[in-house]
Amino acid sequence: MTERTPVSALNLDGYGAEIMEWSEVRDKLAVRHEMEVAVFLTTVSEDCVPHTNGIGPAWYEGDIYFTSNLNSRKIKNIQARPQATMAFRLPGLDVTINGRVAQVSDPVILDAVAQIYRSDGWPAEVAGDALTAPYSAQSAGPAPWHVFRLRFDEVVGLRLSESGGATRWRFADE
Amino acid sequence: MPDRTPIEATNLDIYGAQIISWQEVLDALYVRQGAEMICYLGTVRPDGRPHAAGVGTYIYDGDYYVVTSPHSQKIKNLSLNPAATLSTRVPGFDVTMEGTVERVRDPELLESLAALYREGGWPAEVEDEAFTAPYSAPSAGPPPWYVYRFRFDWLVAVALSEPGGATRWRFAD
């Protein structure tokens, strides 16, 4: 999967700030931030109740990946409704993303994602169609952790600085 | 409304950390973080897709309050389905909550909340059961902004540093 290019951009700023460049948001999403960045994933249950978890995602070639135990509530929700949002507080920038989540079993992607996590200090290894490690986040449940991709179709970037700036980009599937 | 007391606590940590003290989390929720505050409201669109919006919130007497345009997507969603999540990073913890949202019209409460916002540097005034001010966040849309209460039924805190821990609390009205 290669990097994605927005099909449209809309300036949401009501106070005269210029439209933002997609590369500003993309570059901040793609850098590894580890624990200083808070990221929350929201999913919806079959009976329309929203659910939010903190997650530690990885950016790889234009998509966002995360891991989860298959028995988690978020994965049960995604099996009923694949749509999800991710909210990132990046340095100077709030980013909210809408997209669809799908489980990934391509060994090339699993290897790449495991390597990104290892470079952060989490000793993840590929085991079959999932990742394993001696430990994970406190509330992650036991291994194995499967790998999921969030493919975004809409991203909103909101600058936190005085100069302002709020832009929405839409993406189409290639 | 006084602070709320959980009726149940569940230890989610599988690596031996103790259950987190509710008082410790509650104290962290009240730490004023100003513009640095990280807080997102999750709602459900009419077609069942989720929606996330960054919001500036205050916790006051045990509930969270959000100020927003009644024309925003989140409020359109909440008018059909009041279920919502609020997620925030406070000193020491990532906190996610599930609950419901309803509009606040009580004049005394609106005045107390407007005073909180003014202390925080946003010149909010109460007018016709809503807030008005010369400006708001870049994408907030024009005034008036309505005030909404988020009341949590569940709250999960995950510790960000040693000795770790992850705990879920349940609340009843």
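Letters A, B, ... mirror the listed sequences (proteins, then strands); counts begin at 1.
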Undergrad: Could you tell me the separation between the CG atom of A:D94 and the CD1 atom of B:I38, rounded to the nearest 0.5 Å?
TA: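 These two atoms lie 8.0 Å from each other.
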Undergrad: Which bit of B:V95 is near chain A, if near means a heavy-atom gap under 4.5 Å: side chain, backbone, both or neither?
TA: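 For B:V95, the backbone is the part near chain A, not the side chain.
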Undergrad: Can you name the closest pair of heavy atoms from B:E98 and A:V49 and give their distance?
TA: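 Smallest heavy-atom distance, with atoms named: OE1-CG1, 4.4 Å.
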Undergrad: What part of B:D13 gets within 4.5 angstrom of chain A, counting heavy atoms only: side chain, backbone, both, or neither?
TA: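 Interface part for B:D13: both.
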Undergrad: To the nearest 0.5 angstrom, please state how far the OG1 atom of A:T96 sits from the NE2 atom of B:H51.
TA: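 Going from OG1 on A:T96 over to NE2 on B:H51, the span is 7.0 Å.
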Undergrad: If we ignore hydrogens and angles and just use 3.5 Å, is the side chain of B:Y40 paired with the main-chain N or O of A:F88 as donor and acceptor?
TA: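 Here the side-chain-to-backbone pair exists.
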Undergrad: Can you say whether A:F40 sits under 4.5 Å from chain B via the side chain, the backbone, both, or neither, judging by heavy atoms?
TA: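 For A:F40, the contact with chain B is made by the side chain alone.
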Undergrad: Please flag which part of A:S136 lies under 4.5 Å from any non-hydrogen atom of chain B: side chain, backbone, both or neither.
TA: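 For A:S136, the contact with chain B is made by backbone and side chain together.
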Undergrad: Only pairs of heavy atoms separated by less than 4.5 Å count here; which of B:G42, B:A166, B:S87, B:A83 has the most with chain A?
TA: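 Option with the top pair count is B:S87.
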Undergrad: Please state whether the side chain, the backbone, both or neither of B:A17 comes within less than 4.5 Å of a heavy atom of chain A.
TA: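 For B:A17, no heavy atom lies under 4.5 Å from chain A.
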Undergrad: Take B:R45 and A:N98, measure what side-chain contact (heavy atoms from CB on, under 4.5 Å) needs, and give me the verdict at the end.
TA: CA-CA 12 Å; B:R45 296 173 193 263; A:N98 292 318; 3.3 Å; yes
Undergrad: Taking the side chain as every heavy atom from C-beta outward, state whether A:Q83 and B:P50 have any atom pair closer than 4.5 Å.
TA: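 A side-chain contact under 4.5 Å exists here.
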Undergrad: Taking B:L86, B:N81, B:T43, B:V156 one by one, which has the highest count of heavy-atom pairs under 4.5 Å against chain A?
TA: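 Most pairs with chain A among the choices: B:N81.
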Undergrad: Let me check something: do B:Y30 and B:Y64 share a hydrophobic cluster, defined by ILVMFWY side-chain heavy atoms less than 4.5 Å apart, either directly or through other members?
TA: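 Yes, one cluster joins them.
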Undergrad: In this structure, would B:Y117 and B:Y60 fall into the same cluster of hydrophobic residues linked by side-chain contacts under 4.5 Å?
TA: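 Yes, because B:Y117 and B:Y60 connect within a single hydrophobic cluster, where side-chain heavy atoms sit under 4.5 Å apart.
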Undergrad: Should B:V55 and A:L12 be regarded as members of a common hydrophobic cluster, given that ILVMFWY residues are connected when their side-chain heavy atoms come within less than 4.5 Å of each other, either directly or indirectly?
TA: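 B:V55 and A:L12: separate clusters.
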Undergrad: Is it the side chain or the backbone of B:N77 that comes within 4.5 Å of chain A heavy atoms, both, or neither?
TA: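 When you check distances to chain A, no heavy atom of B:N77 falls under 4.5 Å.
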Undergrad: Just so I understand: if I count every heavy-atom pair under 4.5 Å between each of A:S45, A:P82, A:A84 and chain B, which residue has the most?
TA: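 Most pairs with chain B among the choices: A:A84.
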Undergrad: Please report the interatomic distance SG(B:C39) to CZ(A:R89), rounded to the nearest 0.5 Å.
TA: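 B:C39 SG to A:R89 CZ: 9.5 Å, rounded to 0.5 Å.
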Undergrad: At a heavy-atom separation under 4.5 Å, does B:T88 approach chain A through its side chain, its backbone, both, or neither?
TA: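 Just the backbone, heavy atoms under 4.5 Å.
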Undergrad: What's the separation between atom CG in A:N53 and atom CG in B:D94, rounded to the nearest 0.5 Å?
TA: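 Interatomic distance, A:N53 CG to B:D94 CG, rounded to 0.5 Å: 10.5 Å.
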Undergrad: Count I, L, V, M, F, W, Y as connected when their side-chain heavy atoms are under 4.5 Å apart, and connections chain through other members. Are A:I64 and A:L90 then in the same cluster?
TA: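 Shared cluster, yes.
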Undergrad: Answer yes when A:E154 and B:R49 have at least one side-chain N-carboxylate O distance shorter than 4.0 Å, and no when they do not.
TA: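 Salt bridge between A:E154 and B:R49, a charged N being under 4.0 Å from a carboxylate O: no.
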